[in-house]
Amino acid sequence: MRKNEPLFLMIYVIAGVAVSASAVTYWSAAGIMLANLIISSIFFQIDARVFRKIVYIVPFGGLIAFLQPFIRGENVIFSYWIFTIRAEGLEFGLLLFSRLLSAFTFISLIAVLKEHEILGALRQLRIPKEFIFLLSLTVRYLMEFRLALRRMRECMASRGFELSSIPYGRKLRIISYLMGSLIINAIVQADRSYEAMISRGFSADSGLFVRRSSLNLYQFLKLFILISLVVISAIVPLYVM
Amino acid sequence: MHILEAKDVHHVYEGKIHALKGVNFRADRGEVVALIGPNGAGKTTLLKHFNGLLFPSSGKVYVRGVEVRKENLRDIRREVGFLFQNPDDQIIAPTVEQDVAFGPLNFGMEEEMVAHNVKDSLELVGMRGYEDRPPHTLSYGQKKRVAIAGLLACNPSILVLDEPFSGLDPSGKRELMNILLRLRDDMSLTVVYTTHDVNSIPEFADRLYVMYGGEVVVNGTPEEVLMDRNLEDIGLETPIMFRIFRELVNRGIDVRNPFTLKSLLDTIEGLANEKK
């Protein structure tokens, strides 16, 4: 990302999520999503593969949307055995799913940013520094624990251990050993890191260094136009459909 | 006035383990002081007193003549940079630049000054160009250098390093040693470090402290200590060059001081010529 672009993209994503969440019909949400896909490929030149990540998120939101026709509304449109589908619930479920899908297309764009660019942009958007600091520690040590887990698994493999070839009960026990060991490592690591932090003057007021950048008038105008396009794409289907 | 001093320092962990038993220590400005001893001798415990991570159960620690107390910890920690043995304990931010800037920001430096110090510190340790790299993508030696840059960015006058050379290959060790010597020579930084690598001491350290069982058993210049003291008695190793020097002295051969590789070669050459 070029200088200032993380902030630019982050504002665009937040605005996009806000517009998606307030779409009043699923056609509006679809319009927003389409506008985003076009803007992403033409303006941001983002590889469409970025949106593949949606596949991992959709099942969670999708499940909530999927349940709506069965639990919400009064007008029954279909009934079989214990399953009853109601019109209002179906309408709401579709709206919810389309809003989620649209919002996820915006959130997926964050994947093109590096961790520190995300944190820097969030900090400039006045997200509390305590939150940013916790997030940065999580980002930092998640990678360390991933490496630690890999090392432990390699050590186990070097002693002939293969997870796929053992009975389920033993597999569960071994995985719990691994998790237990990781948790203990995490506690010890937290102690050591805290000691190292206070040796460098860490206190309740501490925060992370963020490279300052701001949007110039030209970028501000571009952002305004892009967000306006997204909003228009939400309004047009209301008159067309 | 010594820049760093410990006077009769005792430390008892949780009222049970007597880790330090009346340690006296001093280091002067621009001096490199090595601290050796077997595991559990109290080296790290002593170092932690210099940064105020631990306080003496009795005795006193002074930094630039000021006693280390809870009230002045911020100033002490700015003055004394502490390098932990494992750089992964020390590097806490998601990028190199943010980690190096962590200390200066904590000590209330202006952001412009922080950016300037970060740049200079990374330059000093040869890590310019790595600003945006996440720490887990660095080698162990690079992480050590980033951790040192994090200390330098705070403008300390003393660096306290816990096993700085552990886990480094010979070239990494040499690079780090050169960086530290440059800091001593160019910036008059005082460097106090612990090590098990006794071979590096004669060419790197100006003064040597040997600890055993929570006490300083001997101190002096590396030559004095390594020539006089049999380190094997306390589970350490005497550098091979000093073992040869000592053996030559024991056999009544006149060896020339200073005890360097050159003087050893001169002595051997002299012996060979005599034999001819």
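Lettering of chains follows the sequences in order, A, B, ..., and the numbering in each one begins at 1.
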query: Centroid-to-centroid, B:Y209 to B:F25, below 6.0 Å?
result: yes
- request: Could you tell me which portion of A:L135 (side chain, backbone, both or neither) has an atom closer than 4.5 angstrom to a non-hydrogen atom of chain B?
  value: neither
- prompt: Which atoms of B:A147 come close to chain A, meaning under 4.5 Å heavy atom to heavy atom: side chain ones, backbone ones, both, or neither?
  reply: neither
field: Residue B:I76 versus chain A: region with a heavy atom under 4.5 Å
entry: neither
query: Do you see a donor-acceptor pair shorter than 3.5 Å between the side chains of B:D89 and A:S193?
result: no
message: Ring of B:F55, cation from B:K70 - is the NZ or CZ under 6.0 Å from the centre and inside 45° of the axis?
response: yes
message: Taking side chain as everything from C-beta outward and backbone as N, CA, C, O, which of these in A:E195 sits under 4.5 Å from a heavy atom of chain B? Side chain, backbone, both or neither.
response: both
- prompt: Given a strict heavy-atom distance threshold of 4.5 Å, which part of A:Y194 is in contact with chain B: side chain, backbone, both, or neither?
  reply: neither
field: Side-chain donor-acceptor contact under 3.5 Å, B:N39 with B:H196
entry: yes
- prompt: Measuring heavy-atom distances to chain B, does A:L147 have an atom under 4.5 Å in its side chain, in its backbone, in both, or in neither?
  reply: side chain
message: One thing to verify: whether A:R150 and A:E154 come together as a salt bridge, which I'm taking to mean a side-chain N less than 4.0 angstrom from a carboxylate O.
response: no
task: Measure B:N51 against the heavy atoms of chain A and call it side chain, backbone, both or neither at under 4.5 Å.
output: side chain
field: Heavy-atom proximity to chain A below 4.5 Å, by part of B:I92
entry: both
message: Just checking A:F133 against A:F131, ring centres under 6.0 Å apart?
response: no
